[in-house]
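To start, the structure under review is shown below, and the notes come after it.
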Amino acid sequence: MMTDTMEKADWFERIWAHREDVLYPNFFGTQAEGIFTIPMQNLEKGGIADPRWASCGVIRFAPTAARNSWLYVSSGLSNEWFESVPDRAAVSGFGCEFVLETPTQDQWPIQRVHQIMCYQIALCLGQHPDSDPMTIGDRVPLGHAIDWGTSELKYLLVTEPIRIPPTFNQDSGRAAFLQLIGISETERSFAEQSGFDALIERLKMHDDFPTTDPVRKTLF
């Protein structure tokens with residue numbers, strides 16, 4: 001039993017390290033800071049106070065020659081928390097990691113990705129039985145301005161990324177990157193009436209995709 005536990009710990013840590021030390025730098029650049037782990041009080045508030053989730057967090061990547069935004073990406077949701085052996089053909093862990101891009105370096109993106117991570121963990125664990133885990137097209141209310149200030153953006157739109165591969169593979173299985181885009185109440189309403197794709201096109205037309213600028217004005 002001890003040997004099995006040690007073997008799992010070995011491949012678990014190896015796969016985790018490979019994601020953060022190899023895959024993420026290849027996708028996002030080598031200038032990284034973090035990991036900023038989820039505060040336990042956030043997990044307690046969401047009813048998911050498990051030490052495993054407190055080891056998950058956010059890594060901040062500086063702009064690169066190919067990307068002029070600061071990028072915040074979660075790490076840990078795609079760990080294989082539940083199976084005893086790795087399986088490349090399976091979904092790894094919760095099957096996703098979240099990405100948020102901003103024009104400047106700040107703390108609020110870390111806090112918002114933490115919030116979304118906690119919500120996704122709770123959804124995947126069945127804490128909200130009437131709701132499925134977040135996926136492309138979802139519009140998530142934040143409860144406050146995205147930057148905790150005067151921003152008109154009070155929702156996060158979940159979409160497929162355009163500057164990085166939408167999916168990635170680890171020895172423990174596959175997972176998807178889910179891009180988060182800040183949107184306003186009226187933009188959320190527009191998406192409900194005209195469709196998800198129509199809102200994405202409008203955001204692209206105004207250079208408001210995929211980077212979220214909290215000081216931008218709402219499109220409608």
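- Rounded to the nearest 0.5 angstrom, Y72 OH and L180 CG are separated by 13.5 Å.
- Screening residues 33-44 for side-chain hydrogen bond (donor to acceptor under 3.5 Å, both in side chains), with sequence neighbours left out, gives E33-R60.
- Pairing each heavy atom of W81 with each of S55, the nearest pair is CH2-OG, 3.5 Å.
- Scanning for side chain to side chain donor-acceptor pair (under 3.5 Å) contacts around W148 gives Q111, with sequence neighbours left out.
- Using a 3.5 Å distance cut-off with no hydrogens or angles, the side chains of E97 and S74 do pair a donor with an acceptor.
- Side chains of S78 and S92: no donor on one and acceptor on the other come within 3.5 Å.
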What's the verdict on side chain to side chain contact (heavy atoms under 4.5 Å, CB included) for I15 and N79, showing C-alpha distance, side-chain angles and the deciding distance? CA-CA 8 Å; I15 293 170; N79 289 352; over 6 Å; no
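- Contact detail for R216 and G182: the closest heavy-atom pair is NH2-O, 3.1 Å.
- For the atom pair CZ (R112) and CG (L153), the distance works out to 10.5 Å, reported to the nearest 0.5 Å.
- Side-chain contact check for T102 versus W108: some heavy-atom pair is nearer than 4.5 Å.
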Please lay out, stage by stage, how I48 and C118 fare under the test side chain to side chain contact (heavy atoms under 4.5 Å, CB included). CA-CA 8 Å; I48 49 173; C118 288; 4.2 Å; yes
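- In this structure, S69 and T211 approach most closely via the heavy-atom pair CB-OG1, 3.7 Å.
- L77 and C56 make their closest contact through N-SG, 4.3 Å (heavy atoms, listed as atom of the first residue, atom of the second, distance).
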R14 vs D171, salt bridge (charged side-chain N to carboxylate O under 4.0 Å, His left out): CA-CA, chis, key distance, verdict: CA-CA 9 Å; R14 174 177 53 81; D171 284 345; 3.1 Å; yes
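- A donor atom on one side chain and an acceptor atom on the other are not found under 3.5 Å apart for S172 and E80.
- Across all their heavy atoms, H114 and P39 have their closest contact at ND1-CD, 3.6 Å.
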Starting from the C-alpha separation in whole Å, work towards a yes-or-no answer on side chain to side chain contact (heavy atoms under 4.5 Å, CB included) for L199 and R188. CA-CA 8 Å; L199 176 58; R188 182 195 66 83; over 6 Å; no
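- Residue L157 holds its CG atom at 10.0 Å from CD of Q179, rounded to the nearest 0.5 Å.
- Contact between I146 and P214 at its shortest, heavy atoms only, is CG2-CB, 3.9 Å.
- Under 3.5 Å, the side chains of E185 and Y155 contain a donor-acceptor pair of N or O atoms.
- Under the 4.5 Å side-chain criterion, counting only non-hydrogen atoms from C-beta, I183 is not in contact with L219.
- Taking 4.5 Å as the limit, some side-chain heavy atom of E152 sits within range of a side-chain heavy atom of K217.
- Its side chain within the 4.5 Å cluster rule, V99 clusters with L23, Y24, F27, F28, I35, I59, F61, L71, V73, I164, F168, F177 among the Ile, Leu, Val, Met, Phe, Trp and Tyr residues.
- Rounded to the nearest 0.5 angstrom, C96 SG and M117 CE are separated by 9.0 Å.
- Considering only residues two or more places apart in sequence or on other chains, D50 meets the side-chain contact (heavy atoms from CB on, under 4.5 Å) condition with R52, W53.
- Of the inter-residue distances, the one linking K154 atom NZ with D147 atom CG reads 10.5 Å to the nearest 0.5 angstrom.
- Between L156 and I181 the shortest side-chain heavy-atom distance does not fall below 4.5 Å.
- Side chains of L125 and F94 form a contact here, defined as non-hydrogen atoms less than 4.5 Å apart.
- Using modelled atom types and a 3.5 Å distance limit, the side chains of S75 and E20 yield a donor-acceptor pair.
- Once rounded to the nearest 0.5 Å, the distance linking CZ of R19 with CD of Q170 reads 5.0 Å.
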Enumerate, atom names and distances included, each donor-acceptor pair closer than 3.5 Å involving a side-chain atom of residues 128-141, sequence neighbours excluded.
residue, atom, partner, partner atom, Å
D138, OD2, T135, N, 2.9
R139, NH1, G137, O, 3.1

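- Among residues at least two apart or in separate chains, ring-ring contact (aromatic ring centres under 6.0 Å, His included) pairs with a member in residues 196-220 are F190-F220.
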